[in-house]
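All of these numbers come straight from a predicted model, not from anything done at the bench.
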There are 2 protein chains.
Amino acid sequence: MHSFTEENYLKTIYYLANRQQSEVSTNALAEMTSTKAASVTDMLRKLADKQLIHYKKYQGVRLTDEGERLALQVIRRHRLWEVFLVEKLGFGWEAVHEIAEELEHIRSEELVTRLDTYLGNPQFDPHGDPIPTPTGQMPETGYQKLSDVSIGEGVCLMGVLEHSTEFLQHLDHSNLTLGCTVTVREINAFDKSVLVQIASGRTVFVSYEVAKNLLVN
Amino acid sequence: MHSFTEENYLKTIYYLANRQQSEVSTNALAEMTSTKAASVTDMLRKLADKQLIHYKKYQGVRLTDEGERLALQVIRRHRLWEVFLVEKLGFGWEAVHEIAEELEHIRSEELVTRLDTYLGNPQFDPHGDPIPTPTGQMPETGYQKLSDVSIGEGVCLMGVLEHSTEFLQHLDHSNLTLGCTVTVREINAFDKSVLVQIASGRTVFVSYEVAKNLLVN
DNA sequence: ATAAAAATTTAGACTAGTCTAAATTTTTAG
DNA sequence: CTAAAAATTTAGACTAGTCTAAATTTTTAT
Ligand SMILES: [Mn+2]
Ligand SMILES: [Mn+2]
Ligand SMILES: [Mn+2]
Ligand SMILES: [Mn+2]
């Protein structure tokens, strides 16, 4: 069996590897897990001993197939629980991440299977992130950023790149909800902010900083 | 904040104190928590330092008010999650205890409150055990054992004293379900086994060993 | 190409929780 | 009441995970 801590390291390695498309560094992991580099090095040796990562001293780290499988299991549990918290318990999407960080470590195949069924086999979590399959595949999403959409195009809001409470609440206040269709009306040449029209007909101002973090298709 | 381990000790002290109606001994705790007496002694010192128990060396241990409050919170979470697992996810009542042992440590007031509401503020868990109130009161149940009921009496099956998978599955196979009404038809003078009539009209043989562990009212 | 800077690893230490073996206290039985 | 038995605590050690400070390796910039 694997500890909470090991599961968190695997998950973090998965995220960083995918974000940077390369070996993950000790420092990056230290920052992400709020620990010190020395602690990370210790853990990397343990994970390497268990064949969950490929690790050569000073050269960064990469998940093995087994390591990736475990990481995806944890991410699957995290996202399923987030769906539960929002859809069934009525939490706001900005409040669920922290709780899911704990729930994701409850290890029972049966529990995950039943939860998945109970939720209607959701494909995406409340933030639009795809839920890995039971067999450990991460579904591809062909999303682009709202900041890359041209004038006149109508797109559907599908997800967010930024998960902070502040950002998510800002979207709530702007009436930008996942699933809603928006049409780009103006793009400001100077600050790259965009003006989008939402279903109600109203137009909403979206700063470049926000548009960069909004996924659409 | 308190660790999983501390929460488990508090919960165990609560159970044993209520079962024995007296100070809880180091050995009893060691057996219950599957550790050794020496480990228990160490933990008792820590809990006493945190004012969660009253502890005098060699004299056994008792929860403080704060310790009892925490113990009841853990038990409340445990039982609410068991209700969720059975009522919402469709687990059998013999399968939920282990999973609830993990879920009970997820600490979020908001989560417990919402879960309670979502479940319809249940008063009892799937085994008939009362769910402590949000303010930390353990509801009284005036149940008696089926083995103490006299011939001719009609009673309702309300709970179990034994929680093992084997016992619960035995009840399933005997068609003895919580909530169902049974009438005692015969009591065997020699082995104290009882013959009860269930709603369908059929009679079911109940050994003394089983009757002792069945709560009714 | 080499020296300074940055990143990483090693060394040594600490905490929580556990263990075994030994010492101590309490209980029980004659 | 006292000696043996039982229960409990203490002593010393181990693992997982973390830390700081020092040593080492890699990268960067002259
Ligand atoms: Mn999340
Ligand atoms: Mn999410
Ligand atoms: Mn239980
Ligand atoms: Mn129960």
Quiz item: Any idea how B:W81 and A:W81 line up, ring-wise: parallel (<30°), tilted (30 to 60°), or perpendicular (>60°)?
Solution: perpendicular
Quiz item: Hey, what's the ring geometry for A:W93 with A:H127, parallel, tilted or perpendicular (30° and 60° as the breaks)?
Solution: parallel
Side-chain H-bond candidate by donor/acceptor type, [X] with [Y], under 3.5 Å:
X	Y	value
B:E66	B:T64	no
A:N27	A:S25	no
A:E166	A:H170	no

Quiz item: Hey, which of these two, A:Q59 or A:A38, hits DNA chain D nearer its 5' end, going by closest nucleotide?
Solution: A:A38
Practice problem: State plainly whether the residues A:R79 and A:E82 are in salt-bridge range, i.e. N to O under 4.0 Å. | Solution: no
Quiz item: Ion pair present between A:K11 and A:E104, side-chain N to carboxylate O less than 4.0 angstrom?
Solution: yes
Self-check item: Given DNA chain C, 5'-ward residue of the pair B:K46 and B:T35, judged by closest heavy atom
Solution: B:K46
Exercise. Grab the stems for DNA chain D, please: at least three consecutive Watson-Crick or wobble pairs, both distances below 3.5 Å, written as range with range.
Key: C:1-30 with D:1-30
Quiz item: Can you pull the contact range of chain B along DNA chain D, 5' to 3', using atoms under 4.0 angstrom from its heavy atoms?
Solution: D:dA7 to D:dT10
Looking across every strand, which nucleic acid part, if any, lies under 4.0 Å from [X] by heavy atom: base, sugar-phosphate, or nothing?
X	answer
B:T5	sugar-phosphate
B:S39	base
A:Y9	sugar-phosphate
B:T41	base
A:Y55	sugar-phosphate

Quiz item: If you look at every heavy atom in A:M43 and A:T5, which pair is closest and at what distance?
Solution: CE-CG2, 3.6 Å
